[in-house]
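Single-structure report; data block below.
The model shown is predicted, which means the values in this text are computed figures rather than measured ones. Below, chains carry the letters A, B, ... as their sequence lines are ordered, and counting in each starts from 1.
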2 protein chains.
Amino acid sequence: MTVIFSKKCELALQAVLFLSIKPKDEFLSARDISKELQLPKEFISKVLQKLTETGIVGSKKGKTGGFFLAKDPSEIRLIQIVETIDGLGVFEKCVLGFPGCSPDNPCPLHNKWGHLRDEAFKMLTEFTLAELKDSAEKKIGNLKFDIL
Amino acid sequence: MTVIFSKKCELALQAVLFLSIKPKDEFLSARDISKELQLPKEFISKVLQKLTETGIVGSKKGKTGGFFLAKDPSEIRLIQIVETIDGLGVFEKCVLGFPGCSPDNPCPLHNKWGHLRDEAFKMLTEFTLAELKDSAEKKIGNLKFDIL
DNA sequence: TTAATTACAGATTATTTTGTCTTTAATTGA
DNA sequence: TCAATTAAAGACAAAATAATCTGTAATTAA
């Protein structure tokens, strides 16, 4: 069974949403994030390292160190996280796995699926972390209850 | 990187589309299908076996044996193939991997993504093999050129 | 300066998915 | 009947993905 994003990417999105609801001068350690999102610490660490490479997240080593958003939430779009972690292949490849799928030589789902895929791309491009802050706050706040 | 369907499912959809464009009394061997779709024979075999279990595809052993559609193309919906191979998890699980994602306790993308997911589900439910026959014929006919 | 804490880097393991191989049973044509 | 051919079944191998572990460098507080 397959989902739209890899686990890595899901985790990256969760982590970044988490950073976005915290005061911007706060350093969150991988351990803190891990605890609150109930996800493996080392995995968090790995993924956030990747996001620091592309300048979405910043980091500081040492005691009191941790991760933080390197830009204002209003300037970070979901698609940037997806692109960094999974790449944009999902939005390019044929949904049925046919080679050479294009408007000239479309697969049977090319048009219908293409439309949905474009919508998804648009959604991820339009949403910034700023717009999701409120609902992210709620969801992450409720996490401790969900796990039960 | 991840797509909506697993490779197995892509392959199953291709194979079934292939069967649907052939005369209904013809037995196609895994080897024939494999050759024309340029996909591994054993994998084809595996996946079609699964589809015979759920009654979408029929099979006959022995010389002149092979696979065929067990129903009329107008009675086979894409969603049935997807359900058999990948299950319907994609249409149920949270796109961000949050636990307990529901209308009561939605993730930040719940509504927007939910809408797209429903559209995709609808598309797969509405399309029968019969409706895709023409475009499948074209696409599969062109395959030999695409590979070059 | 030292001890503690953290990100970083890379190796390693585990799991899942994908793909192959081997053997068996059914079917058919010679 | 016999040889060839095919799906079926399951073991097996390879590759991709997910997750863990280990050691190092940076930073800070004491």
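Checking side-chain atoms of Arg77(A) against main-chain N and O of Glu126(A) turns up a donor-acceptor pair under 3.5 Å. Looking at Ser29(A), its side chain never comes within 3.5 Å of a backbone N or O of Gly66(A) through a donor-acceptor pair. Between the side chain of Gln14(A) and the backbone N or O of Leu96(B), at least one donor-acceptor pair lies under 3.5 Å. Side-chain N or O atoms of Asp86(B) include one that pairs as donor or acceptor with a backbone N or O of Ser6(B) at under 3.5 Å. In this structure a side-chain-to-backbone donor-acceptor pair under 3.5 Å is missing from Ser45(A) to Glu42(A).
Distance Leu51(A) CG to dA9(C) P: 14 Å, rounded to the nearest Å. Across the protein-nucleic acid pair, Gln14(A) atom CD and dA18(D) atom P stand 14 Å apart, rounded to whole Å. dA16(D) atom P lies 15 Å from atom CG of Asp86(A), rounded to whole Å. Between the NZ atom of Lys41(B) and the C1' atom of dA7(D) there is a distance of 10 Å, rounded to whole Å. Rounded to a whole Å, the CG atom of Leu11(B) is 11 Å from the P atom of dT20(C). dT5(C) atom P lies 13 Å from atom CG of Asp32(A), rounded to whole Å. The interatomic distance linking Lys50(B) (NZ) with dG10(D) (C1') rounds to 13 Å, in whole Å. The interatomic distance linking Phe43(A) (CZ) with dA7(C) (P) rounds to 17 Å, in whole Å.
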Point to revise | Candidate pair Ser102(B) and Asn105(B), rule side-chain hydrogen bond (donor to acceptor under 3.5 Å, both in side chains), full reasoning | key: CA-CA 5 Å; Ser102(B) 72; Asn105(B) 186 20; 5.7 Å; no
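Taken to the nearest 0.5 Å, the CD atom of Glu92(A) stands 6.0 Å off from the CG atom of Leu88(A).
The side chain of Ser29(A) approaches dA7(C) more closely than any other nucleotide in the set dA7(C), dT20(D), dT18(C). Nearest to the side-chain atoms of Glu42(B) among the listed nucleotides dA7(C), dC21(C), dA19(D) stands dC21(C). Checking dA19(D), dA18(D), dT6(C) against every side-chain atom of Ser6(A), the shortest atom distance belongs to dA18(D). Listed candidates were dG19(C), dT6(C), dA19(D). Nearest to the side chain of Pro40(B) is dG19(C).
Heavy atoms of other residues, nucleotides or ligands lying less than 6.0 angstrom from NZ of Lys112(B) number 12 at most.
For DNA chain D, the residues of residues 52-73 of chain A within the heavy-atom distance limit of 4.0 Å (strictly under) are Lys60(A), Lys61(A), Gly62(A), Lys63(A), Thr64(A), sorted by number. Sorted by residue number, the members of residues 17-28 of chain B with any non-hydrogen atom under 4.0 Å from DNA chain D read Leu28(B).
No contact: Ser45(B) has no heavy atom under 4.0 Å from any strand.
At a cut-off of 3.5 angstrom, counting only N and O atoms as typed in the model, there is no donor on one side facing an acceptor on the other between the side-chain of Lys8(B) and the base of dG19(C).
Here the shortest heavy-atom pairing between Ala15(B) and Ile33(B) reads CB-CG2, 4.3 Å.
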